[in-house]
Amino acid sequence: MKVYQKAIRLGERKRGFHLITREVVEAFPEIREIKSGICQVFIQHTSASLSINENADPTVRMDFEMFFSKTISENDPDYLHDYEGADDMPAHIKASLLGCSVSIPIHNGRLALGTWQGIYFGEHRNAGGSRNLILTAWGETY
Amino acid sequence: MKVYQKAIRLGERKRGFHLITREVVEAFPEIREIKSGICQVFIQHTSASLSINENADPTVRMDFEMFFSKTISENDPDYLHDYEGADDMPAHIKASLLGCSVSIPIHNGRLALGTWQGIYFGEHRNAGGSRNLILTAWGETY
Amino acid sequence: MKVYQKAIRLGERKRGFHLITREVVEAFPEIREIKSGICQVFIQHTSASLSINENADPTVRMDFEMFFSKTISENDPDYLHDYEGADDMPAHIKASLLGCSVSIPIHNGRLALGTWQGIYFGEHRNAGGSRNLILTAWGETY
């Protein structure tokens, strides 16, 4: 059993959902050392999210942005926490609904994602800046 | 420390929420080897989900299906991704809201679920077919 | 590689979202033994949740309670599971939307949370009583 851990920085993306599978895998070649285990990706922020969804058609990501922004209103007069901008409180709610980490099995040195699965980075602020990820992988090595 | 990993296939279920705790445990007797650790169940699909909820009254599962299908509309004219059927885009959204994995502590060779907790498989397509799960358990063995 | 595991009990909190980071860390000094790994916090209940969000302004927690209680109606006539009270079925739905565990990287003996991140305990019943958590940490020790 071994653990690998690394911090990486995602360059600023515009608000919406972005596929980051390749960026994660390329930043973390240690995954290849693991025969059987898990890779966790964790985001150290409260207004951005990580989830897993369809890696092919970009309209799925656009529909995610549409759905979440329509469902979680920016201007609910009941919000008390509004001094950081109208996009702030909805961003916190989206972050907790979607989650701040994904944990993916590693099998034979590769992420055991299904054919259509990819890692989504959800940027929920209008100008979120760059974002920090912690990558941790553990398991039996070769 | 040891890692066990196994792929299993869930037979097709109808759309809705289904309790799969027993099926997972029976397919993965290696859990009993672990004194203290974690079991992760991961689903390799983007239109089905895994979560944990009440294992007793089946009406909870029916109310889940009612709530999620009412809240995430099938015919939102704003969906761009609609060529795979009206149930497709809502299925992707439900999958990310609920998640594609659950991680459960193992204590003394058993899943340390609370009295009322069970593993829910959410089938969000009208005809999802069979589904692949990856089971991974790690921890200190006896 | 080593695994630490411990059960703790959270005293009853009123319905809403509560920051429990300090309580978890103080109950689990074994985290300091781990140089590189993960800490999982798991709640053994189906009407309470764990998630990660802003640790500073308490109005974020109030807005969470407002948002989730407004979005997940207490008196939907379509609920079949209603004999445990109007707050019960919404509590189950909130628990699965937010999740029953959080997994946080450990780096150099500390939880590698972002500056603004804290652990939220969501009590979704009007009178939930005390709640059981299982803490599990694994990784390379010093």
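Just so we're on the same page: letters track the sequence lines, and every chain starts at 1.
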_Interface residues of residues 77-89 of chain B facing chain C - non-hydrogen atoms under 4.5 Å apart_ =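 The stretch does not come within 4.5 Å of chain C.
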*So which residues of residues 123-140 of chain B are in contact with chain C at a heavy-atom cut-off of under 4.5 Å?*
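Within residues 123-140 of chain B, the residues under 4.5 Å from chain C are B:Trp138, B:Gly139, B:Glu140.
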*pair C:Phe42-B:Gln117: side-chain heavy atoms closer than 4.5 Å*: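 They are in side-chain contact.
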*Are any non-hydrogen side-chain atoms of B:Lys70 and C:Asp76 less than 4.5 angstrom apart?*
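The answer is yes, as the side chains (C-beta and beyond) meet within the 4.5 Å cut-off.
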How long is the straight-line distance from [atom2] of [Y] back to [atom1] of [X], given to the nearest 0.5 Å?
X: C:Lys2; Y: B:Ser36; atom1: NZ; atom2: OG; answer: 11.0 Å
X: B:Phe67; Y: C:Ser96; atom1: CZ; atom2: OG; answer: 11.0 Å
X: B:Trp116; Y: C:Thr46; atom1: CH2; atom2: OG1; answer: 9.0 Å
X: C:His45; Y: B:Ile52; atom1: NE2; atom2: CD1; answer: 12.5 Å

As an exercise: rank [options] by heavy-atom pairs under 4.5 Å with chain C and give me the winner.
options: B:Asn55, B:Thr71, B:Ile106; result: B:Ile106
options: B:Glu54, B:Lys35, B:His107; result: B:Glu54
options: B:Ser51, B:Pro105, B:Pro58; result: B:Pro105
options: B:Ile38, B:Leu97, B:Leu98, B:Val60; result: B:Val60

*Taking all heavy atoms of B:Ser103 and all of C:Gln40, pick out the closest pair and write down the distance.*
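Looks like O-NE2, 2.9 Å.
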